[in-house]
Amino acid sequence: MAESPRSAPVSVPPRPAAGGIAARAMAARASNLPYLTDLNPEQRAAVETLDGPVLVLAGAGTGKTRVLTTRIAHILNMGRAHPSQILAVTFTNKAAREMKERVGMMVGAVAEGMPWMGTFHSIGVKILRRHAEMVGLKSDFTILDTDDQIRVLKQLVEAEGLDDKRWPARVLAMLIDGWKNRGLTPEQVPAGEAASFGNGKGKKLYTAYQERLKTLNAADFGDLLLECIRLFRQNPDVLKQYQQRFRFILVDEYQDTNVAQYLWLRLLSQNVPSTSPQAAAQPSPLAGEGGSPEQSEGEPDEGFELADTFDMPASTDPSPAFAADAAQAPSPARGEESAQAALPSASQTHQKNICCVGDDDQSIYGWRGAEVDNILRFDHDFPGAKVVRLERNYRSTGHILAAASALIAHNEGRLGKTLRTEDELGEKVQVTGAWDSEEEARAIGEEIEQMQREARDRGEDHPLDEVAILVRASFQMREFEDRFIQLGMPYRVIGGPRFYERAEIRDALAYLRVVAQPADDLAFERIVNTPKRGLGDAALQMLHDYARKNKVPLTEAARALSATDEMKPKPRTALRTLMESFGRWAKQKETLPHNELAEIILDESGYTEMWQKDRSADAAGRLENLKELVRSMEEFENLQGFLEHISLVMDRDSADNEQAVSIMTLHSAKGLEFDTVFLPGWEEGLFPHQRSLDDQGRAGLEEERRLAHVGITRARKRAKIYFAANRRIHGLWSSNVPSRFLDELPEEHVEVKEAAGGTGGFGMSGYGPSRFDEMGSFGSTYSTPGWQRAQQRRGKGGFSDSGAPRYVPDGVFDQDSDAYADDDAASSPPPLSERGGRAQSAGRLAPKRAPLTIEGELIAKSTGASSSFKVGDRVFHQKFGNGNVVNVDGNKLTIAFDKAGEKRVVDSFVERV
DNA sequence: TCCATGGACATTTTT
DNA sequence: TGTCCATGGA
């Protein structure tokens with residue numbers, strides 16, 4: 001594909017003077033590079049503007065990743081930097097991985113030698129480990145995740161004598177996270193803000209927490225950046241090394257950066273002041289060798305050793321400007337402003353080649369500290385910045401793009417882009433009203449099957465992988481899961497707890513952590529009584545007391561105490577046994593492969609057994625996860641390497657090859673695209689979410705609108721929006737007004753439909769408050785023509801072609817969903833979705849079943865080929881756990897679950913145990 | 001140690 | 001409504 005640098009030796013000359021022969025030669029060569037000719041002019045500008053700050057405003061689907069990766073390839077290919085001189089940061093591991101892969105494809109193995117491509121956090125760790133001592137850590141420090149963090153904080157809160165009911169540790173954790181996101185150390189937190197927690201003890205607790213982390217030789221996620229910033233500020237020479245090293249900086253999703261990340265980037269992106277211009281311009285010794293890329297194998301960072309930095313004066317503050325830090329923020333509520341104001345004026349420093357790519361219209365993480373301001377202010381922060389707008393969308397068809405653009409145009413305070421496409425108009429954005437969330441799910445299920453049927457009639461395929469349901473809040477997912485289980489529609493829920501956040505994984509890791517690092521008190525604490533060994537609070541308290549008195553880790557305290565008779569015999573024996581086990585494992589660590597060791601530990605500790613004995617529904621899944629964990633260890637060289645990576649880099653594996661509909665939140669959909677996107681739940685209160693409106697006012701509304709924009713722009717060919725007039729929230733039915741966003745969609749790009757199942761009686765009397773009763777509060781909002789058209793259709797629907805009426809004539813809503821499930825399959829006509837769907841998808845989904853249908857009428861609901869399950873079979877279901885089959889009806893099983901009671905499910909969702 | 005009970009809680013999520 | 005948590009009794 002792209003020209004490999006092998007053919008062009010990577011050397012790093014000083015920047016060619018303008019007009020120089022080398023420059024002209026380079027330019028000539030660049031003009032016909034194959035990877036450039038594929039780009040549109042804007043993309044090309046973004047790739048080729050190598051010098052000075054560049055902001056690439058990349059709208060949805062405009063080839064953002066492509067620009068980033070091509071730019072890296074171009075830098076390398078032009079010989080402007082060695083791979084190890086490029087800093088490329090992303091937010092997620094996924095994005096980093098994708099970038100690595102794509103650069104690798106363009107440039108070959110050189111990408112392997114890009115040690116500074118990764119997430120903010122992973123690069124932060126890398127830097128911190130090299131200079132850990134300078135910030136009071138050892139280089140093998142542990143990275144704490146949220147769970148550990150809260151446990152530490154809880155202890156501190158209790159030590160302060162605060163009621164942890166009234167002052168929950170998790171709230172404090174959130175506060176501290178927020179402060180760290182804003183780049184605030186304990187001293188810098190605005191006093192009023194810190195005082196709001198724990199009767200004014202917020203600041204004290206934050207300070208104590210930081211101290212405790214140092215004692216534990218640990219850093220939390222926020223520290224990975226904050227401590228880096230502190231390191232840089234206190235050790236100008238360290239900073240200088242990195243400034244010299246990173247000749248090019250690239251940042252992905254710049255609109256999501258928080259203040260700490262911004263500060264971090266700012267520090268790194270300043271070129272070293274004129275004191276050493278040579279150093280700035282000259283390649284680093286290694287890169288200057290002009291060697292072939294292969295030389296970059298191994299550690300390409302010679303001449304950059306820790307030792308070099310140790311004799312630096314740590315006390316002098318390099319940048320007086322920083323001294324005025326955010327602590328004395330004039331506006332406490334937004335301390336970040338002051339933090340930024342404290343930066344040296346950008347014009348005083350020579351800006352380096354930093355390229356930030358982002359889209360202000362896709363900033364949806366304000367609530368977790370992202371500062372849209374960072375991107376809005378870019379050219380102010382980086383004077384002389386070149387701004388490139390990517391506005392040509394390669395993803396969505398015309399109507400979809402137009403609708404999304406019109407929607408986002410309602411936001412103020414944006415940099416403004418106009419997305420355009422040269423694609424056909426395609427389908428209009430469909431807006432469908434449903435009576436309630438169940439009907440919404442039903443209608444969407446049917447529509448998916450309908451699409452598959454139609455595709456099949458055309459001899460095509462509508463793969464389920466190309467269908468996504470994007471919800472605002474995760475509770476909405478349930479309805480779809482329930483429905484799809486009934487339909488036998490394969491689905492995949494994306495999001496939820498990550499693999500390494502699961503309790504069983506964390507427990508297992510804790511064992512490994514103690515073996516690897518006996519001083520890891522947190523890990524030890526976690527598993528000392530898991531599985532139950534009779535080492536309860538009393539025993540733990542004793543350990544703590546001893547450990548504190550003698551200033552030793554808990555494991556040492558345990559060893560000492562189990563040898564004395566201070567403890568009662570029972571816990572003492574238990575403790576001794578445990579400590580002996582740890583001693584044994586520690587020895588085995590030296591001889592056994594680490595995955596084998598892990599297996600031994602899990603078995604001998606009784607941990608595996610604990611779950612084997614557990615009768616709850618998810619026990620089987622947990623054991624499976626443990627196996628997966630052990631399996632995944634093979635990929636790492638040793639235990640340390642594994643532990644090092646797991647907290648930062650380990651992703652949930654989704655090596656799921658089966659075609660399935662994706663169900664996820666709008667937030668987790670960012671960056672993805674699908675042919676067909678369903679967007680349910682567009683109701684006031686849910687979307688835009690009330691809480692967002694209440695807490696953030698107009699800013700909140702705008703962020704919600706951006707979320708809507710993100711949602712629509714995920715779609716390539718079909719975007720289908722739904723709203724439900726009634727939704728059960730916290731068990732109570734509430735009637736909802738359709739989302740204001742619906743009326744912000746231009747009519748000419750929208751098609752208003754009624755729910756496929758018919759919404760008989762929508763808006764008619766009898767069913768509690770009609771939506772129209774509530775419209776007054778929004779005044780004329782819903783008097784738009786499109787909206788009225790939608791209203792007119794409402795009365796006409798019926799139950800004509802699908803599904804049994806779910807609302808009995810007297811207006812009482814039957815909430816027994818199990819009853820419906822039974823109706824569907826047994827007594828009354830099943831919804832349309834259960835007729836053709838199976839048949840058309842037979843090839844892939846369920847080869848053995850082919851219901852006979854004529855014109856959508858179900859003739860034989862029990863299909864010829866029967867299920868391979870028999871009454872009495874013991875089965876396991878992902879959601880409901882274990883149970884016994886009590887009835888078989890075609891592919892539908894009635895199962896008496898041990899925990900969940902009797903349910904009807906499609907047999908492909910269960911497996912025999 | 002296990003189980004029952006009651007209360008609080010119920011956006012969005014990465015590292 | 002339903003889930004998760006802490007608490008307290010057996």
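All heavy atoms count here, side chains included; hydrogens, waters and symmetry mates do not. So that the names make sense, note that chain A is the first sequence line, chain B the second, and so on, each numbered from 1.
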Requested in this report: Might you confirm whether atom CG of A/D694 has over 12 heavy atoms from other residues, nucleotides or ligands at distances under 6.0 Å?
Outcome: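 For A/D694, atom CG is crowded (more than 12 foreign heavy atoms under 6.0 Å).
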Query raised in the report: Going by ring centres under 5.5 Å and near-parallel planes (under 30°), is A/H667 stacked on B/dT12?
Result: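 Ring-base stacking flag not set for A/H667 and B/dT12.
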If you compare every side-chain N and O of [X] against the phosphate oxygens of [N] (OP1, OP2), does one of them come in below 4.0 Å?
| X | N | result |
| --- | --- | --- |
| A/S474 | B/dT12 | yes |
| A/N93 | B/dT14 | no |
| A/R166 | B/dA8 | no |

Query raised in the report: Centroid-to-centroid, A/H689 to A/W367, below 6.0 Å?
Result: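 A/H689 vs A/W367: aromatic centres not under 6.0 Å.
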Report task. Report yes if the distance between the aromatic ring centroids of A/F91 and A/F120 is under 6.0 Å, otherwise no. Result ->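 Judged by ring-centre distance (under 6.0 Å), A/F91 and A/F120 do meet the cut-off.
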Report task. Taking side chain to side chain donor-acceptor pair (under 3.5 Å) as the test, write out the residues that go with A/S122, two or more places apart. Result ->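 Partners of A/S122 under the side chain to side chain donor-acceptor pair (under 3.5 Å) test: A/T119.
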Query raised in the report: Quick one: the side chain of A/R472 and the base of B/dT12, do they pair up donor-acceptor inside 3.5 Å?
Result: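 Counting by modelled atom types and ignoring angles, a donor-acceptor contact under 3.5 Å is found here.
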**Report entry** Sugar-phosphate only, base, or nothing, as touched by A/K154 at under 4.0 Å among non-hydrogen atoms
**Finding:**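 A/K154: backbone/sugar contact only, no base atoms under 4.0 Å.
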Report task. Remember a base hit wins even if backbone is also touched, and classify A/G534 as base, sugar-phosphate or nothing at under 4.0 Å, heavy atoms. Result ->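 Answer is sugar-phosphate: A/G534 comes under 4.0 Å of backbone atoms only.
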Query raised in the report: Which parts of residues 359-370 of chain A get close to DNA chain B, meaning a heavy atom less than 4.0 angstrom away?
Result: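 The answer is A/Y365, A/W367, A/R368.
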Query raised in the report: Nearest-Å distance, CD1 (A/I150) to C1' (C/dC4)?
Result: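 So the two atoms are 14 Å apart, to the nearest Å.
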Requested in this report: Could you tell me the separation between the CD atom of A/Q149 and the C1' atom of B/dT14, rounded to a whole number of Å?
Outcome: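 The distance from CD of A/Q149 to C1' of B/dT14 comes to 13 Å, rounded to the nearest Å.
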Requested in this report: In plain terms, say whether A/E702 and A/R414 are close enough for a salt bridge, that is, a side-chain N and a carboxylate O under 4.0 Å apart.
Outcome: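 Salt bridge flag = no for A/R414 with A/E702.
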Query raised in the report: A/Y242 and A/H131: ring-ring contact (aromatic ring centres under 6.0 Å, His included), yes or no, with the steps?
Result: CA-CA 12 Å; A/Y242 288 96; A/H131 314 282; 5.5 Å; yes
Requested in this report: Side chain of A/E501 only, please: which of B/dC2, B/dT15, B/dT12 is the nearest?
Outcome: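 Between B/dC2, B/dT15, B/dT12, the one nearest the side chain of A/E501 would be B/dT15.
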Query raised in the report: Can you name the residues that form a side chain to side chain contact (heavy atoms under 4.5 Å, CB included) with A/A708, not counting sequence neighbours?
Result: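 Residues passing side chain to side chain contact (heavy atoms under 4.5 Å, CB included) with A/A708: A/L407, A/W682, A/F687, A/F741.
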Query raised in the report: Given the P atoms of C/dT3 and B/dT12, what is the spacing between them in whole Å?
Result: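 So the two P atoms sit 15 Å from each other.
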